[in-house]
Amino acid sequence: MRKGTSSALTLSLGFAAVVALSATVVLGLTLPKTFEQEEYSRLIAVHPGVAWAAYIAFGVTAVASALWLLPRTRSRTWDLVAGASAEIGVVFTALMLVTGSIWGRPTWGVYWVWDARLTLSALMLMLLVGYLALRRVPADPDVRAQRSAFVALLSVLVVPVNHYAVEWWRTLHQSRSLDMTPSDDLDGEFIAAMMLGLLAFTLVYAWLLVHRVRVARLEEEREDEALAVAIDERRREAEVVG
């Protein structure tokens, strides 16, 4: 049985994530202050990347769930990937809400408003927590995986709605920041910091996902081993009694 989760892949991903994340922090801190938000504008290096990672987590959970539901691709691995991605998604979605609230405070005057984007982001977090709670309900592994997969596929629909909320409704949240060309709203150095942040948090997500899936496998192996030992002990007790 494997005793750890490290490998050449995780070492490479971890190193790349640390380098990219460090560069993101350094570049973000060197960004100039803006007239409207002053130092808070530097959060553009972090907040969009965190939100992007939360979206990825939702998407991977949905795709892995769909692959489990398809008979030709059904595998225990996809169920483990879906669960692991959802756990990581909770972390990134919570960070998205925290960093977004801090960023919005100097502009809105408050940390939280029931804005369409913020409300949908909070809904994303609740859906992920609910999905994970459903996975904890005792049931046959296949039954649990099936009902969790259906919930994941329904929950992911909130992601595109959240993404386009700033265009579909009048909201306090600024319009989408992801624009590859400098404009009056976003200078090139801010775009560079944001893109680097997207890369950094994607690598962090990938590194966490690989480790969490391997941990889940180790947990299952230990449970199977404990069950086999318990069954063997009961058999020996029965033989002694007999």
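Arg147 places a side-chain heavy atom less than 4.5 Å from the side chain of Leu134. Here the side chains of Leu128 and Phe58 are in contact, with some heavy-atom distance below 4.5 Å. Here the side chains of Tyr55 and Met124 are in contact, with some heavy-atom distance below 4.5 Å. In this structure, the side chains of Tyr131 and Ser155 stay at 4.5 Å or more apart for every pair of heavy atoms. Looking only at side-chain heavy atoms (C-beta outward), Val156 and Thr61 stay at 4.5 Å or farther from each other. When side chains are defined from C-beta on, Phe150 counts as touching Leu69, because their heavy atoms get closer than 4.5 Å. Trp112 places a side-chain heavy atom less than 4.5 Å from the side chain of Leu97. Between Val46 and Phe201, the closest side-chain pair of non-hydrogen atoms falls below 4.5 Å.
Using a 4.0 Å cut-off between charged nitrogen and carboxylate oxygen, Asp79 and Arg74 do not count as a salt-bridge pair.
Distance CH2/Trp68 to CZ/Arg76: 9.5 Å, rounded to 0.5 Å. The CG atom of Asn162 sits 5.0 Å away from the CZ atom of Arg117 when rounded to the nearest 0.5 Å. Atoms CG and CH2, on Leu21 and Trp207 in that order, are 11.0 Å from each other to the nearest 0.5 Å. Distance NE2/His211 to OG/Ser7: 7.0 Å, rounded to 0.5 Å. Rounding to the nearest 0.5 angstrom, the gap separating the CE atom in Met96 from the NE2 atom in His47 is 7.0 Å. Once rounded to the nearest 0.5 Å, the distance linking CG of Leu70 with OG of Ser65 reads 11.0 Å.
Cluster annotation: Leu80 and Val143 are assigned to distinct hydrophobic clusters (Ile/Leu/Val/Met/Phe/Trp/Tyr, side-chain heavy-atom contacts under 4.5 Å, transitive). No continuous path of hydrophobic side-chain contacts links Val50 to Tyr111 [ILVMFWY only; heavy atoms under 4.5 Å]. Hydrophobic clustering (side-chain heavy atoms under 4.5 Å, transitive across Ile, Leu, Val, Met, Phe, Trp, Tyr) groups Leu199 together with Leu9. By the rule that hydrophobic residues join a cluster once side-chain heavy atoms approach within less than 4.5 Å of another member, Ile88 and Met126 end up as members of one cluster. No chain of hydrophobic side-chain contacts below 4.5 Å, direct or via other Ile, Leu, Val, Met, Phe, Trp or Tyr residues, connects Leu196 to Phe15.
A donor-acceptor contact under 3.5 angstrom links the side chains of Thr77 and Arg217, judged on distance only. Residues Thr202 and Trp52 have side chains that bring a donor and an acceptor to within less than 3.5 angstrom of each other. Under 3.5 Å, the side chains of Arg42 and Thr30 contain no donor-acceptor pair of N or O atoms.
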Hey, mind stepping through Val204 and Phe92 against side-chain contact (heavy atoms from CB on, under 4.5 Å) and telling me if it holds?
-> CA-CA 10 Å; Val204 171; Phe92 280 114; 3.9 Å; yes
Arg144 and Val137: side-chain contact (heavy atoms from CB on, under 4.5 Å), yes or no, with the steps?
-> CA-CA 8 Å; Arg144 181 188 63 189; Val137 177; over 6 Å; no
Walk me through it: do Ser121 and Leu125 pass the test side-chain contact (heavy atoms from CB on, under 4.5 Å)?
-> CA-CA 7 Å; Ser121 297; Leu125 180 60; over 6 Å; no
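Remark: the backbone N or O of Ala200 is not paired with any side-chain donor or acceptor of Thr24 at under 3.5 angstrom. A donor-acceptor contact shorter than 3.5 Å is absent between the side chain of Ser85 and the backbone of Val60. Judged by distance alone, the side chain of Thr73 and the main-chain N or O of Leu67 form a donor-acceptor pair under 3.5 Å.
Minimum interatomic distance between Ala62 and Ala152 (heavy atoms only, all atoms of both residues): CB-O, 4.3 Å. The minimum heavy-atom distance between Gly28 and Ala45, with the atom names listed, is CA-CB, 3.8 Å. The nearest pair of heavy atoms linking Ala84 to Val213 is CB-CG2, 3.8 Å.
Remark: of the listed residues Leu203, Leu208, Leu209, Leu209 is the sole one forming a side chain to side chain contact (heavy atoms under 4.5 Å, CB included) with Tyr205.
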